[in-house]
Number of protein chains: 2
Amino acid sequence: MIPTTITAFCQRQNLEITPIRKVILDHLWQNHTPIKAYDLIEVLRLKAIGSPKPATVYRSIDFLERQGLVHKVHALNAYIPCHHPGQHTACQLLICDNCNDAKEFCDDDLASLIPLKLAKIGFQPRASVLEVFGTCQQCTEAKTS
Amino acid sequence: MIPTTITAFCQRQNLEITPIRKVILDHLWQNHTPIKAYDLIEVLRLKAIGSPKPATVYRSIDFLERQGLVHKVHALNAYIPCHHPGQHTACQLLICDNCNDAKEFCDDDLASLIPLKLAKIGFQPRASVLEVFGTCQQCTEAKTS
DNA sequence: TGGCAAAAGCTATTTTGTATCAGAAGTGTC
DNA sequence: GACACTTCTGATACAAAATAGCTTTTGCCA
Ligand SMILES: [Zn+2]
Ligand SMILES: [Zn+2]
Ligand SMILES: [Zn+2]
Ligand SMILES: [Zn+2]
């Protein structure tokens with residue numbers, strides 16, 4: 001379920017994708033909505049991988065986030081896989097109020113405008129998260145039809 | 001401690017600023033870092049206002065957020081006062097890694113670019129939160145000096 | 001073989017946020 | 001005044017999200 005671009009990225013970076021980390025990354029890629037940490041515990045439990053406790057999952061998430069493979073959707077306390085690991089420090093997410101879907105939305109104009117604006121006021125950005133709430137196209141169409 | 005522009009806004013909007021809400025808003029305005037909900041419980045307790053329980057504070061925060069008087073810094077699970085209530089649906093925050101200061105940064109170009117870009121992909125934005133992490137000007141100067 | 005570091009196990013605790021029901025206080029109506 | 005109605009608050013309990021601290025395992029290298 002994990003795209004080949006992602007597995008290739010892991011190999012290039014020499015990342016140790018242990019069974020636990022693999023199951024978690026797999027599960028994130030299998031779903032179209034953000035996944036909660038405690039749901040990941042359940043996933044591990046069902047697959048009988050290790051003896052999943054909160055720390056188990058949070059450590060894996062921590063690793064995956066540090067490697068840029070996963071984003072946290074702060075507004076939902078949930079996680080989604082990154083579609084372009086290693087390619088952005090500016091994360092842009094679209095979160096549908098209706099179906100809770102969360103998509104990455106990578107707009108370069110937007111991403112480059114942020115540091116440009118901040119430079120003028122002397123703020124040195126390290127990373128940024130944009131979370132936009134609203135109605136996704138599918139839900140908009142469903143309502144009007 | 002609450003700026004007159006804010007109290008004026010409350011009057012115009014006919015908002016009921018009860019003692020509890022006032023203490024919370026006051027405290028947020030007195031500080032330059034985001035404040036946590038349970039710290040606000042403590043503030044109320046020290047001022048002997050009501051009998052502060054979690055729900056007490058969360059209800060007030062909820063009210064203040066709905067009125068646009070307060071923003072939640074999702075990445076920190078903390079709250080800051082809004083400097084321009086009623087004037088924006090796109091909230092932009094600069095959070096210093098070093099001193100934890102969180103400032104509102106209202107850039108119209110940035111705010112208007114977001115719906116523009118999203119319109120092209122059929123997403124209807126309702127509200128957005130941009131949280132930028134990095135080093136603020138003061139901390140940058142302090143390091144280099 | 002011993003030492004080291006990264007990963008995972010394990011127990012408990014802390015932090016953050018809700019649900020629910022009941023009481024108090026204001027407001028307008030009859 | 002009696003009544004419905006609304007908004008705010010009190011109080012108990014609980015749920016959800018995340019971390020602390022310590023031990024054990026495992027692979028690796030000298
Ligand atoms: Zn990404
Ligand atoms: Zn949707
Ligand atoms: Zn604001
Ligand atoms: Zn700073």
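Throughout, protein chains are lettered first and strands after them, A, B, ... in sequence-line order, and every chain is numbered starting at 1.
- Residues Tyr79(B) and Pro34(B) have side chains not in contact (no heavy-atom distance under 4.5 Å, counting atoms from C-beta outward).
- Between Ile17(A) atom CD1 and dA6(C) atom P there is a gap of 16 Å when expressed in whole angstrom units.
- If you take CD1 of Ile49(A) and C1' of dT25(D), they are 17 Å apart, rounded to a whole angstrom.
- One interatomic measurement links the two molecules: CG of Leu76(A) to C1' of dA18(D), which rounds to 17 Å at whole-angstrom precision.
- Atom C1' of nucleotide dC14(D) and atom NZ of Lys53(B) are separated by 15 Å, given to the nearest angstrom.
- Atom CZ of Arg45(A) and atom C1' of dC10(C) are 17 Å apart (whole Å).
- Counting heavy atoms from C-beta on, the side chains of Leu44(B) and Val57(B) come closer than 4.5 Å.
- The phosphate of dA8(C) (OP1 or OP2) has no side-chain N or O of Ser51(A) nearer than 4.0 angstrom.
- Crowding of Lys103(B) atom NZ: a count of heavy atoms from other residues, nucleotides or ligands under 6.0 Å not exceeding 12.
- Listed by residue number, Tyr58(B) are the residues of residues 57-70 of chain B with a heavy-atom contact under 4.0 Å to DNA chain C.
- Separation of atoms CG (Leu25(B)) and CD1 (Ile6(B)) is listed at 7.5 Å; rounding is to 0.5 Å.
- In terms of phosphate contacts, Asn77(A) brings a side-chain nitrogen or oxygen within less than 4.0 Å of OP1 or OP2 of dA18(D).
- A heavy atom closer than 4.0 Å to some atom of DNA chain C occurs in Lys36(B), Tyr38(B), these being the qualifying members of residues 24-41 of chain B.
- One interatomic measurement links the two molecules: CZ of Arg21(A) to C1' of dT26(D), which rounds to 13 Å at whole-angstrom precision.
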**Q.** Verdict with reasoning, Leu93(B) to Leu130(B), per side chain to side chain contact (heavy atoms under 4.5 Å, CB included)
**A.** CA-CA 6 Å; Leu93(B) 303 178; Leu130(B) 171 64; over 6 Å; no
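- By the neighbour-count criterion of 12 heavy atoms within 6.0 Å, atom NZ of Lys22(A) is sparsely surrounded, having that number or fewer from other residues, nucleotides or ligands.
- Comparing Pro19(B) and Pro54(B) by the nucleotide of DNA chain D whose heavy atom lies nearest to each, the residue mapping closer to the 5' end is Pro19(B).
- A distance below 6.0 Å separates the ring centres of His88(A) and His71(A).
- Distance NE2 (His74(A)) to C1' (dT15(C)): 15 Å, rounded to an integer number of Å.
- Residue Glu16(A) has its side chain nearest to dA7(C) when only dG10(D), dC8(D), dA7(C) are considered.
- Atom CD1 in Ile20(A) sits roughly 9 Å away from atom C1' in dG9(C) (whole-Å rounding).
- The main-chain N or O of Asp109(B) is found under 3.5 Å from a side-chain atom of Asp107(B) such that the two form a donor-acceptor pair.
- Proximity of a side-chain donor or acceptor of Gln92(B) to a complementary backbone N or O of Glu104(B) within less than 3.5 Å is not detected.
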